[in-house]
Enquirer: 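Structure incoming, see below.
Naming convention: chains lettered A, B, ... in sequence-line order (proteins, then strands); numbering from 1 in each chain.
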There are 2 protein chains.
Amino acid sequence: MSDDTAHPHDQEAVDLTRNQSLVLGVLQQTHGPLSAYAILDELRDHGLRAPLQIYRALDKLVEYGRVHRLESLNAFVACSHPGCEDHGTIAFAICESCRQVVEITDHRLAGQLQLLAGEAGLRLNTSVVELRGRCAQCAAA
Amino acid sequence: MSDDTAHPHDQEAVDLTRNQSLVLGVLQQTHGPLSAYAILDELRDHGLRAPLQIYRALDKLVEYGRVHRLESLNAFVACSHPGCEDHGTIAFAICESCRQVVEITDHRLAGQLQLLAGEAGLRLNTSVVELRGRCAQCAAA
DNA sequence: CAATGTGATGTTATAAGATTACATCCTATG
DNA sequence: CATAGGATGTAATCTTATAACATCACATTG
């Protein structure tokens with residue numbers, strides 16, 4: 001096996017296709033989660049018409065680690081780490097009022113989830129951790 | 001304020017309506033998560049015809065703590081605690097192969113999520129923690 | 001009893017999220 | 001050139017969830 005068998009997220013960067021760039025661009029400009037259909041609405045001017053065009057781009061972007069999917073919102077958000085180097089995001093803090101999303105990295109949590117999974121008899125594959133509430137600004141208002 | 005203003009989940013039990021009982025019954029017999037539409041299919045013989053009848057029952061059952069919603073599956077599962085006394089389920093271990101679901105209670109995790117939320121500037125309301133992987137049986141097979 | 005309020009129900013239609021199936025196009029590589 | 005793989009375009013469909021509106025059952029109270 002040579003280096004070119006490495007997964008994309010192991011590499012410095014990945015060349016995005018036109019559709020992938022468009023979708024990522026919309027998410028980056030938005031500073032918050034968007035549904036696939038909301039992304040589509042933003043991109044009709046650029047010639048995208050079908051949900052599948054968005055979902056295909058999102059699939060790749062998630063695979064590359066440039067976009068995260070928020071399961072509890074059925075929505076997607078751009079990764080907040082500039083070059084998307086290995087960052088180990090493991091949880092999200094979501095403001096239910098203003099929709100701001102903060103990525104959380106925490107090795108202790110990661111370890112604890114592994115431990116809990118083991119205790120529950122589960123060989124952990126992926127974990128979904130989404131914390132929901134009100135951000136400081138919204139709580140103050 | 002008198003005692004009768006207490007929330008249902010503070011009480012010993014709640015009288016379920018016909019539809020709520022039917023929906024809970026299906027979930028309890030199934031030993032695994034079901035989508036609202038799968039529940040509906042099971043209950044057509046009993047006269048239920050519309051998704052909304054299921055969703056309304058599910059809303060109440062979730063409110064009463066007798067059913068949990070699994071965000072990453074868009075599905076629902078009966079609470080595994082018999083009388084549904086206060087149990088503090090905070091996470092779920094989900095086998096992606098056989099769909100078995102194990103409820104997890106862990107005070108340390110609860111505290112850590114509170115802590116992380118605080119660090120992220122979030123006043124925590126609810127948390128979604130769903131661990132996905134393969135259960136021991138499925139991993140062995 | 002009549003009037004009223006509240007919560008549950010029934011029904012139709014539709015919104016929102018996601019995938020299947022199939023045809024086509026581009027492009028690197030032999 | 002041939003062609004194989006990945007990316008794209010398009011239509012149709014499937015799954016999940018809610019809106020809108022009418023009605024019913026039952027308890028309270030005037």
Enquirer: How many Å lie between NE2 on A/H46 and P on D/dT8, as a whole number?
Expert: 15 Å
Enquirer: CD1 of B/I54 versus P of D/dT15: gap in Å, rounded?
Expert: 16 Å
Enquirer: With a 6.0 Å cut-off on the ring centroids, do B/H68 and B/F76 count as close?
Expert: no
Enquirer: Looking only at the side chains, is there a donor atom on one of A/S72 and A/R132 sitting less than 3.5 Å from an acceptor on the other?
Expert: yes
Enquirer: If the sugar-phosphate is the primed atoms plus P, OP1 and OP2 and the base is the rest, what is the B/S/- string for nucleotides 10-24 of chain C, using protein heavy atoms under 4.0 Å?
Expert: BBB----BBBBB---
Enquirer: Can B/L34 be reached from B/V77 by stepping across I, L, V, M, F, W or Y side chains whose heavy atoms are under 4.5 Å apart?
Expert: no
Enquirer: For the residue pair A/T89 / A/E103, report whether a side-chain donor-acceptor contact shorter than 3.5 Å exists.
Expert: yes
Enquirer: For the hydrophobic clusters of this structure (ILVMFWY residues joined by side-chain heavy atoms under 4.5 Å, transitively), does one cluster hold both B/V128 and B/L70?
Expert: no
Enquirer: Rounding to an integer number of Å, can you tell me how far B/K60 NZ sits from C/dT6 C1'?
Expert: 11 Å
Enquirer: Do the non-hydrogen side-chain atoms of B/L124 and B/L116 ever get within less than 4.5 Å of each other?
Expert: no
Enquirer: Tell me the interatomic distance from B/L58, atom CG, to C/dA8, atom P, rounded to whole angstroms.
Expert: 14 Å
Enquirer: Quickly work out the B/L16 CG to C/dG7 C1' distance and round it to whole Å.
Expert: 15 Å
Enquirer: Is B/T17 near enough to C/dT9 that one of its side-chain N or O atoms lies under 4.0 angstrom from OP1 or OP2?
Expert: yes
